[in-house]
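What follows is a set of notes on a single structure, which appears directly below.
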Amino acid sequence: MTGEQPGEWLDVLVPTAVWRPTPVGPRPGTTSTTGSTTGAPATQAGSGGRGSGGADGVVGQQSPMPSLPPPRPLVDSVGDIAGLRARRRARDGGEVPGADVDLIDALPRDDDPVAGQRASWPTVAAWLRAGKSAATRRARLADLARFVRWWAATAPGAGLWQVTEDVLVAYADELGTGTGQAARLSRGGRALADASVKRHISTLKSLYGYATRRHVIGHNPAQKVETPEVGKAGTTPALALDEAATLLRGAQQIAARYPTDAAAVMLLATLGLRAAELESLTVGRIERSAGHWVIRFRLKGGKQAIVPLAAETMALLQPLMAGRVASDLLLLRTNGRSFNRWRQQTALRRAARAAHLDLAKLTPHMLRATAATLLRAAGVPVEQVQELLGHGSPITTQRYDRGQTALDGHAAYRLTDLLTRQPAPGSAETDEQTTSAARTTEATPATIAQHDGRQDNHAVWRFSFRSRRRPADASAADPKPAGL
């Protein structure tokens, strides 16, 4: 290149950094190889020439990339994060177990070269705080606390940033099989369901991915860990239509004595809300819009949704809204505490008892599965059910469908019919079938769709066949294809 002067600096852009070719003279204000500091450009012999290259700093050497500032969550304890208030005793207003908060707060806050530990608490706390909702933060805390206990028992003294992919593979395997140290962390030592194992590993992928993005660690050890395949069919049972209708009648019966309980049951049954969504509802989220009463609530992951409210639902909600400010929680216990999932389950049991509905188990999530099941059985498109339930994917919505659409006409019923209705050898029916081997069969409309009566809610459709003799000129009228 012409026109270059000795000591002139030229910037060249490369994919990862700004790289400056080594100048003829040292950069003003830098220390030369002889140890003297120069204030003006000067020719330096043996500096490597223009093609050797170097980064800012010592000539001919590449300095490391500037590090990003470490995470600083601006709290002294994870219990100070919204939604993670520690519960120390019954009915103290805590939201998460105090033992989990103490466990995470005990993580190293500063690097300890002697013990080989690197600070992990600031990153963990910042990651927890980055959760979009209180429910997300609580789930993260619970999953991480389980892993920290397992890791401490498996490798005492090891830190979170010493975890490898092999460690996480072993953790997933023990969770799914109920073996090793993971068995001691589960109730009764039982194995977790595939969906639960997948959630635990997904939580760790989120943590280590966050730490990688913040340049706390160099790579995400959980990125390539394979998780169990979760089937399309969910495991949460759903109520039948008559059971769900009976439960709503029970809610209306207890409305005078337990108005909050009745409203909770109505919202769970008619909207399919998650327990956390119902708990966090405020009075200001119910409003009039375009001639409808609507409710605005925050979905899982922080998304907002607007759902209309029926007149029957508003009849139970309006007494709870009277004289309240917009920021108040819509549903509260008599002691002023939030209406959490355990209190919601009590409301469901009260409504069931009032309606004389005998159910061994009744949870808020069962009503969510019931909502999807009944709507799909009624022919509502899956996209509309997905919108109501706030799912990000229709595949998730289909997992909640426990309806007759998955059972009616099931192949298991057909196979049973084939096997149980097969005549015994030597019977008259068998002889008739043998002598009529040359006859063909055809289904007639009158003999299709007979109800088998196996279950009250499931209709099995069975095809019956009538036989007719082949016409004498059938071979001429219906010639075989060539080559047969």
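Side chains included, hydrogens not; waters and symmetry mates left out as well; all remaining heavy atoms used.
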task: Decide yes or no on salt bridge (Lys or Arg N to Asp or Glu O under 4.0 Å) for K224 and E165, but give the supporting numbers first.
output: CA-CA 8 Å; K224 299 297 184 180; E165 180 176 340; over 6 Å; no
message: How close do R118 and V216 get, counting heavy atoms only, and between which atoms?
response: NH2-O, 2.5 Å
Listed once per pair and sorted, the ring-ring contact (aromatic ring centres under 6.0 Å, His included) pairs that draw on residues 164-197, sequence neighbours left out: F147-Y171, W150-Y171
query: So do I295 and L271 actually touch side chain to side chain, heavy atoms under 4.5 Å?
result: yes
message: Under the criterion side-chain contact (heavy atoms from CB on, under 4.5 Å), I'd like the reasoning laid out for L273 against R368: C-alpha separation, chi angles, the key distance, then a yes or no.
response: CA-CA 6 Å; L273 296 180; R368 185 169 173 81; 5.7 Å; no
Please list every donor-acceptor pair under 3.5 Å in which a side-chain atom of residues 329-337 meets a protein atom from a residue at least two apart or in another chain.
{"unit_1": "R333", "atom_1": "NE", "unit_2": "S338", "atom_2": "O", "d": "2.9"}
{"unit_1": "R333", "atom_1": "NH2", "unit_2": "N340", "atom_2": "OD1", "d": "2.8"}
{"unit_1": "N335", "atom_1": "OD1", "unit_2": "R337", "atom_2": "N", "d": "3.1"}

- prompt: Can a salt bridge be assigned to the pair R138 and E95 using a cut-off of 4.0 Å between side-chain N and carboxylate O?
  reply: yes
field: 4.5 Å side-chain heavy-atom contact, L192 and S186
entry: yes
task: Could you pull out the closest heavy-atom pair between V101 and S77, with the gap in Å?
output: CG1-OG, 3.8 Å
query: Distance-only, no hydrogens or angles: does the Q252 side chain make a donor-acceptor pair with backbone N or O of R249 under 3.5 Å?
result: no
task: Could you tell me whether D328 and R324 have a side-chain N and a carboxylate O separated by less than 4.0 Å?
output: yes
query: Does P364 reach the side chain of L348, with side-chain heavy atoms less than 4.5 Å apart?
result: yes
query: Going from NE2 on H365 to CZ on R341, what distance comes out if it is rounded to the nearest 0.5 angstrom?
result: 9.0 Å
field: L362 and L239, any side-chain heavy atoms less than 4.5 Å apart
entry: yes
message: Using the rule given for side-chain contact (heavy atoms from CB on, under 4.5 Å), can you reason through L267 versus L281, listing the C-alpha separation, both sets of side-chain angles and the distance that settles it, and then say yes or no?
response: CA-CA 11 Å; L267 288 172; L281 281 179; 4.2 Å; yes
task: Taking the side chain as every heavy atom from C-beta outward, state whether M314 and I286 have any pair of such atoms under 4.5 Å apart.
output: yes
task: Report yes or no: do N220 and T212 form a side-chain donor-acceptor pair below 3.5 Å?
output: no
message: To check you understand the geometry: which heavy-atom pair defines the closest contact between P237 and A369, and what is its length?
response: O-CB, 4.0 Å
- prompt: Do you know the tightest heavy-atom contact between A126 and P73?
  reply: N-CB, 3.8 Å
message: R199 vs D143, test: salt bridge (Lys or Arg N to Asp or Glu O under 4.0 Å). Steps then yes/no.
response: CA-CA 8 Å; R199 191 197 74 236; D143 292 348; 2.9 Å; yes
- request: Count the heavy atoms belonging to other residues, nucleotides or ligands that lie under 6.0 Å from CZ of R288, then report whether that count exceeds 12.
  value: yes
query: Going by distance alone, is a donor N or O of one side chain under 3.5 Å from an acceptor N or O of the other, for W127 and S206?
result: yes
- prompt: Do side-chain atoms of R137 reach the backbone of G83 as a donor and acceptor pair under 3.5 angstrom?
  reply: no
message: Between R85 and D92, does any side-chain N to carboxylate O distance fall below 4.0 Å?
response: no
message: Distance alone, cut at 3.5 Å: any donor-acceptor contact between the side chains of T136 and S133?
response: yes
- prompt: Any side-chain heavy-atom pair from D110 and W121 closer than 4.5 angstrom?
  reply: no
message: I'd like to know if D100 and R149 make a salt bridge, using a cut-off of under 4.0 Å between side-chain N and carboxylate O.
response: yes
statement: On a heavy-atom basis, the closest approach of L160 and W151 is N-NE1, 4.3 Å
field: Nearest-0.5 Å distance that lies between atom CD1 in I104 and atom CG in L144
entry: 4.0 Å
- request: Step by step, work out the side-chain contact (heavy atoms from CB on, under 4.5 Å) result for L248 and T270.
  value: CA-CA 9 Å; L248 282 190; T270 59; 4.3 Å; yes
message: Using 0.5 Å steps for rounding, measure from the OG atom of S202 to the CG atom of L207.
response: 12.5 Å
- request: Using atom types as modelled and distance alone, determine if a side-chain donor or acceptor of K205 lies under 3.5 Å from a backbone N or O of P221.
  value: no
task: To the nearest 0.5 angstrom, please state how far the CZ atom of R146 sits from the CG atom of L185.
output: 6.0 Å
- request: Would you give the length of the straight line joining atom CE of M321 to atom CD of Q318, rounded to the nearest 0.5 angstrom?
  value: 7.0 Å
- line: Correct closest heavy-atom pair for V265 and A347 would be CG2-O, 3.6 Å
- request: Enumerate the residue pairs fulfilling salt bridge (charged side-chain N to carboxylate O under 4.0 Å, His left out) with a member in residues 342-367, sequence neighbours excluded, ordered by first and then second residue.
  value: D261-R343, D261-R350
query: Applying salt bridge (charged side-chain N to carboxylate O under 4.0 Å, His left out), which residue pairs with at least one partner in residues 70-81 are found, sequence neighbours left out?
result: none
query: Hey, does L175 have a side-chain heavy atom less than 4.5 Å from the side chain of S196?
result: no
message: Considering only residues two or more places apart or on different chains, which pairs with a residue in residues 169-183 satisfy salt bridge (charged side-chain N to carboxylate O under 4.0 Å, His left out)?
response: none
query: Yes or no on side-chain contact (heavy atoms from CB on, under 4.5 Å) for T227 and V197, after CA distance, side-chain angles and deciding distance?
result: CA-CA 7 Å; T227 55; V197 176; over 6 Å; no
message: For R109, give me all partners under side chain to side chain donor-acceptor pair (under 3.5 Å), at least two apart in sequence or on another chain.
response: none
- line: d(I306 CD1, R296 CZ) to nearest 0.5 Å is 3.5 Å
message: I want to check something: taking the side chain as every heavy atom from C-beta on, are V294 and E287 in contact at a cut-off of under 4.5 Å?
response: yes
